[in-house]
> 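Attaching a single structure in structure tokens format; questions to follow.
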Amino acid sequence: MRFSKSLIPTLKENPAEAEVSSHRLLLRAGFIRKLTAGIYTYLPLGLAAVRKVENIVREEMNRAGAQEILMPMVQPADLWHETGRYEKYGPELLRFVDRHERESCLGPTHEEVITDLLRREVRSYRDLPQNLYQIQTKFRDEIRPRFGLMRGREFIMKDAYSFDVDDRSAEESYQRMFDAYMRIFSRCGLDFRPVEADSGTIGGSFSHEFMVLADTGEDTLVICSSCDYAANSEKAAVMAVTEDPSPMLDLEKIETPGKRKVPVVCEFLGIEAQELVKTMVFSAAGEPVAVLVRGDREVQDVKLKNLLGVADVEMLGDKDVFDATGVPTGYLGPIGLKIKLVVDNEVAAMKNFVTGANEKNYHCRNVNMGRDFEASAVADLRQITDTDPCPSCGEKLVMREGIEVGHVFKLGTGYSEAMHAVFQDSDGQDKPMVMGCYGIGVSRIVAAAIEQNHDENGMVFPLPIAPMQVILLNLGVKDVQITEASELLYKELLEKGVDVLLDDRDERPGSKFKDADLLGIPLRLTLGKSFSKNGLVELRHRSNGATEELLPHQVTERVLKIINLAATK
RNA sequence: CGGAACGUGGCGCAGUCUGGUAGCGCACUUGUCUGGGGGACAAGUGGUCGGAGGUUCAAAUCCUCUCGUUCCGACCA
């Protein structure tokens, strides 16, 4: 690829619209251009990086026994009605009607389409297992697209689906995909962690996310400092505490005029937030539900959602709380509360705590569960913190930010039952296929890789996913000797299958160096002064700035060696 | 969904408060010099000031509506 003939519109200045580094650099380096919010065109180098990632994904999926297909982006609403997701999925699903007034949508994911395919084509247990994948553009009408390729509305995703005869076999499929994902992200040169995750709207029984560690990540992870436990903080289990053995004291109602917020009540009563229990009211599928957590804790709504078995929970506003309970917020408590009540484990182990009295300007002291109120469920409902012990080994936890680049789910039979995707087993019985689904954000990997690998001069690509492996700088386009040698080297590298960008523009050396750094191409070859003087070619590593001087005939061999080393690492 | 900011040549911005000739840097074109970390000089090209409506002798500037973009937040009682 010749720089002079390519569309690589680099920018000297930071675009006003980009905040995070990957977004800024992708625009500055001329990898992408925005069409409209969350929707981008990939320019030659941007696409080249995407293709590199795709190829790694493809190789590893194929190696794991998955088969590549390509499904439609436009999907009929009927399929989505079958699984109930046309209603449930929410406004992220872009819906429209075609000229025949048929309801349709743009695929944000393909469980319905693939399940429809398999139910038509698979009759017998002999046809299973199947694992099919595609690399395709997805559309999700995000509320707030941001950070360039990180959270776009249109993005490139690899999605795979497995179909098995039973749970045991499905778990093997899951494990195969898990292993393939480990290889994929390692090969991409990413610093990542697989973490236990919530299975979200797609549903299913268990799942892992693959998180690239980066400060700009939108998810928070907890990682054990001692064992290999790691989880998304919204899922991370909090260890149950042992019950406080103190005897129960007499219940006492106290006047707390105007004291509503936890710190205010605590200060007024001279207690710590750990001695108080707050009562939060959520709406779950239209029903109000009260949740008790300790005063200094936060309810983790994903855990609540899972306990209640609903798609979504939402905290009620002051007015809705009053309508549901007859009590103004700030004075809520469990005693005599008329709505459903669920209690965090930690609270269940507490004795003689303070709560609201369900009466304006009053709280209660020495409240005890079992004596003063009953809960309809006790469960782990609070957000984990970094002072909590590791749920696996009890050691210290560390919290980190992460970018989700992959997600594997064991789906079970939810979709296959809803859509009657059955096969005849060896005993002659019809059984639903056991499914799994596995996603990778291909375009997001490019962004995450840049987020994780850049410096003040630009991107620093890991070799395996770099759009180009080598940038060859001809610093003397008007010098016949330098130009001839550059062209020769360029051809030689191309012949050996090296991806090389020849900077043959009539620019000053400074501009070429700056652009080379910005583009983040791992290996830079320079033919300039020291070539004229001593016939030497400079090889410089973008990542650490190390340089070596080589004779022209040594260059290709040396470059190939470095590339092969990076590939086998 | 709530809040805020911004929209002026390709990019980054000033001008708007206080209405009166549309400006700066970069990029681009031509020429000369220069040639290892975003060169210098000279001469040029390019803008319905996001859109619509209104006020005014006069609107980038004031008013109304609208579209677009970005950022923050989404309630812990």
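Chain identifiers are assigned alphabetically (A, B, ...) following the order of the sequence lines, protein sequences preceding nucleic acid strands; residue numbering begins at 1 within each chain. All values below come from the heavy atoms of this structure, side chains included, with hydrogens, waters and symmetry mates left out.
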> Between the base of B:G35 and the side chain of A:Asp506, is there a donor-acceptor distance below 3.5 Å?
yes
> Students often get this wrong, so: under 4.0 angstrom with heavy atoms, is A:Val321 touching a base, only sugar-phosphate, or nothing?
base
> Could you tell me the separation between the CG atom of A:Asn474 and the P atom of B:G35, rounded to a whole number of Å?
16 Å
> Name the nucleic acid region contacted by A:Asn14, choosing base, sugar-phosphate or nothing; use a 4.0 angstrom heavy-atom cut-off, strictly under.
sugar-phosphate
> What's touching nucleotides 71-73 of chain B from the protein side, N or O pairs under 3.5 Å?
{"from": "B:C72", "atom 1": "OP2", "to": "A:Arg144", "atom 2": "NH2", "distance (Å)": "2.2"}

> Taking only side-chain nitrogens and oxygens of A:Lys261, does any of them come within less than 4.0 Å of OP1 or OP2 of B:C76?
yes
> Quick one: is A:Ser511 getting a side-chain N or O under 4.0 Å of the B:G37 phosphate, OP1 or OP2?
no
> Pick base, sugar-phosphate or nothing for A:Val291, based on heavy-atom distances below 4.0 Å to the nucleic acid.
nothing
> Below 4.0 angstrom, which residues in residues 513-539 of chain A have at least one non-hydrogen atom near RNA chain B?
A:Phe513, A:Lys514, A:Asp515, A:Asp517, A:Arg524, A:Thr526, A:Gly528, A:Lys529, A:Ser530, A:Glu538
> A:Asp479 CG to B:U34 P: how many Å, rounded?
15 Å
> Look at the side chain of A:Lys478 against the base of B:G35 and say whether a donor-acceptor pair falls under 3.5 Å; ignore hydrogens and angles.
yes
> Which of residues 332-352 of chain A have a heavy atom under 4.0 Å from RNA chain B?
none
> Is there a Watson-Crick or G-U wobble partner for B:U48 with both distances under 3.5 Å, and if so, which one is it?
none
> When you measure from the side-chain N and O atoms of A:Arg508 to the phosphate of B:G35, is any distance below 4.0 Å, counting only OP1 and OP2?
no
> Give the rounded distance in Å between these two atoms: CD of A:Glu142 and C1' of B:U70.
16 Å
> Would you kindly check whether a donor in the side chain of A:Arg28 faces an acceptor in the base of B:G38, or vice versa, at under 3.5 angstrom?
yes
> Tell me the partner of B:C57, counting only Watson-Crick (N1-N3 plus N6-O4 or O6-N4) or G-U wobble (N1-O2 and O6-N3) with both under 3.5 Å; none if nothing fits.
B:G20
> Between B:G37 and A:Lys512, is there an OP1 or OP2 to side-chain N/O distance shorter than 4.0 Å?
no
> When you measure from the centre of the six-membered ring of A:Tyr40, is the NZ or CZ of A:Arg33 under 6.0 Å away and within 45° of the axis?
no
> A side-chain contact here means heavy atoms from C-beta on lying under 4.5 Å apart; do A:Leu494 and A:Lys491 qualify?
no
